[in-house]
Amino acid sequence: MRRAVCAAALIGATGAGPMAGAQTQGGTLHAVAQPEPPVVMIAVNQQTSTTYVASKMFESLLTYSFDLKPVPSLAKSWKISDDGLVYTFYLQPGVKWHDGKPFTADDVVFSVDKFLRKVHPRSRGVINTFIESITAIDDLTVEFKLKQPFSPFLAMFTNDSMPIVPKHLYDGTDYLSNPANQAPVGTGPFKFQEWKKGSHIVLVRNPDYWRKGQPYLDKIVFHVIPDAASRAVAFENNVVQVMRSLDVDNVDVKRLGAMPGVDSSSQGWEMLSPQAFMVMNQRKPPFDNVKVRQAVMHAINRDFIVKNIFFGLARVATGPVSSTTPFYDKDVPAFDYNPEKAKALIEESGVDVAATPIKLLASGSTYGSAWDRLDEYLRQSLEQVGFEVEIDPVDNAGWVQHLSNFDFDLALNWTAQYGDPGLGVSRLFLSSNIVKGSPFVNNEGYRNPRVDELLNQAAAEVSPAARQKLYSEAQKILVSDVALGYLFEFRNLTFYRSNIKNLVTTGIGLNESFADVSIEK
């Protein structure tokens, strides 16, 4: 076989898994769920807050080091055939679901081949395109056969991309309406206890967790605090001990990070490399015209956004692939801030943009107050070049519903890149991924057969040089077409009280299971 992976060696090399030395047992960790998730069943919803909470209950076969190397989780080791078409995973023994039922290879087969293939907005495209079959060889061995090589396959097994769900609770049911979605049952170190809507979500220690002695915490409480200023006060007063820079107003970030007894980390975003963008509905005027979309890019001062709205916690995006993601190419068409050029492009388009007023879905209720300011800035900038813009004041659920059902004109969004364009980028542009039900697919309705060809070929290509050539061509086309309005890449920080240990230990950061986290007393 081409490669075999030893679980013990990888765990020791990366720091994932049980940590060396004694750690303090017990205690409650308080964090923030912002915005309040619509559901905490990670396989049916992958919004940021859902993933943050549910990743403590649900696991996948692998997790990932800071340099994005795969690390054992529910799979203790794996091997890959010489032709790159067969991946065999050897599962951890003695794993139980939270209800006491044994975890087996049948759960993996069901999760990927049935559940995720049907409902997962991001992974189902890859599963349907590249996976030929999934077979349980025995209770602790699973074999994946691919239709063709898929280079980023081992990067797919994050807990939100490939969560493993209990077959005995979901098989033969309506997955989306299953009662287990409201009281999730996973294999993770924490079990669901309570969700008081508008107040908090409580997870408690799983005493039967398969990693002996873990988790160290007794409980995790995710507080629902809608107001950014109130979240900052809660952190200052030690009501919550963990805060993401996404959770607070950008003006508070520097002050909170400088507080005594507070540590911060910029690690834990390596796998995600998140990027923000404008989604323009290309199914109808005015955004069905490429010159109008190009005009939008010239009407927006992205340097101003980075410096004055996000206070330097971002960098201007040049295209669909983040600069921290493999196969990034900076040699793409540039859209400088030039309102006069924007007006000229609108005139060339022949579109009377003032005659087709557009609604901008409000994003502040979903992503925070800085996004309210960004909404207002975009409205003013677009109106200066002739658009008529109204901000549609939807809440988080409304934002998800409108974007997922293609019922919008213009929206702001951000997504993760998952360590490879074949996983986190292509999903936003492939015509085969124009599917309702998720705000994180090809919601804009972009169609380009050449881009489809390039992205699919790049994902199947083995040679890194060949992949780079294909992705570079795709990036140039996507930027020229303004398939999305690329805005900025995040520079996220995590703040936490100094007595919180092992909070950020892998490349998925706070979306890790927290099995290693402890509170020093």
**Request:** Would you sort out whether Asp329 and Tyr471 count as a side chain to side chain contact (heavy atoms under 4.5 Å, CB included), showing the intermediate values?
**Result:** CA-CA 8 Å; Asp329 192 335; Tyr471 279 128; over 6 Å; no

**Request:** Step by step, work out the side chain to side chain contact (heavy atoms under 4.5 Å, CB included) result for His30 and Gln241.
**Result:** CA-CA 6 Å; His30 294 268; Gln241 294 92 46; 3.6 Å; yes

**Phe514 and Phe190: CA distance, side-chain angles, deciding distance, ring pair (Phe, Tyr, Trp, His ring centres under 6.0 Å) verdict** = CA-CA 9 Å; Phe514 282 16; Phe190 295 94; 7.6 Å; no

**Derivation and outcome, side chain to side chain contact (heavy atoms under 4.5 Å, CB included), residues Asn413 and Leu484** = CA-CA 10 Å; Asn413 201 355; Leu484 290 172; over 6 Å; no

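Between Phe429 and Tyr446, the ring planes are perpendicular. Angles over 60° get that label, and only those under 30° would be called parallel. Aromatic ring pairs are classed by plane angle as parallel below 30°, tilted from 30° to 60° and perpendicular above 60°; the pair Phe89 and Trp78 is tilted. Ring geometry, Trp399 versus Phe440: the interplanar angle falls from 30° to 60°, so the pair is classed tilted. Under the 30°/60° scheme for interplanar angles, the aromatic rings of Phe157 and Phe144 are found to stand perpendicular.
For Trp269 and Phe490, the ring centers sit 6.0 Å or farther from each other. Between Phe130 and Phe153, the distance from one ring center to the other does not fall under 6.0 angstrom.
With contacts defined as side-chain heavy-atom distances shorter than 4.5 Å, the pair Val142/Leu61 does not qualify. Two residues are said to be in side-chain contact when any heavy atoms from C-beta on lie closer than 4.5 Å; Leu430 and Asn442 fail this criterion. Looking at Phe327 and Val425, their side chains never come closer than 4.5 Å, going by heavy atoms from C-beta outward. Side-chain atoms of Thr318 and Val479, non-hydrogen and from C-beta on, never get closer than 4.5 Å to each other. Thr187 has its side chain within reach of Trp97: a pair of non-hydrogen atoms, C-beta onward, lies under 4.5 Å apart. Residues Tyr377 and Asn301 are in side-chain contact: their nearest non-hydrogen atoms beyond the backbone lie under 4.5 Å apart. In this structure, the side chains of Arg255 and Glu236 come closer than 4.5 Å at one or more pairs of heavy atoms. Put simply, the side chain of Ser60 does not reach to within 4.5 Å of the side chain of Thr158, judged on heavy atoms.
With Asn159 as the fixed residue, the side-chain contact (heavy atoms from CB on, under 4.5 Å) test singles out one of Leu74, Ile164, Leu62, Ile508: Ile508.
Looking only at distances, a side-chain donor or acceptor of Ser426 sits under 3.5 Å from a matching main-chain atom of Pro421.
Sorted by first and then second residue, the ring-ring contact (aromatic ring centres under 6.0 Å, His included) pairs involving residues 41-64 (not counting sequence neighbours) are Tyr52-Phe222.
Contact check on Arg373 versus Asp249 returns a salt bridge, with a Lys/Arg side-chain nitrogen under 4.0 Å from an Asp/Glu carboxylate oxygen. A salt bridge does not link Asp252 to Arg231: none of the charged nitrogens lies less than 4.0 Å from a carboxylate oxygen.
A distance of 5.0 Å separates CZ of Phe235 from CZ of Arg497, quoted to the nearest 0.5 Å. Here Phe103 contributes atom CZ and Gln92 contributes atom CD; the two are 9.0 Å apart, rounded to the nearest 0.5 Å. Asp247 CG to Ile225 CD1: the interatomic distance, rounded to the nearest 0.5 Å, is 9.0 Å. With values rounded to the nearest 0.5 angstrom, Ser369 atom OG is found 11.0 Å from Ile309 atom CD1. A distance of 11.5 Å separates CD in Gln457 from CZ in Arg467, rounded to the nearest 0.5 Å. Considering CG of Leu503 and OG of Ser264, their distance stands at 11.5 Å, rounded to 0.5 Å.
A donor-acceptor pair shorter than 3.5 Å can be found between the side chains of Asp452 and Ser431. Ser513 and Glu59 form no side-chain donor-acceptor contact under 3.5 Å, judged by distance and modelled atom types alone. With 3.5 Å as the limit, one finds no donor-acceptor pair spanning the side chains of Glu489 and Thr324. Using modelled atom types, one finds no donor on one side chain facing an acceptor on the other under 3.5 Å when comparing Asp160 with Asn511.
Under a cutoff of 6.0 Å and an axis angle of 45°, Arg122 and Tyr418 form a cation-pi pair.
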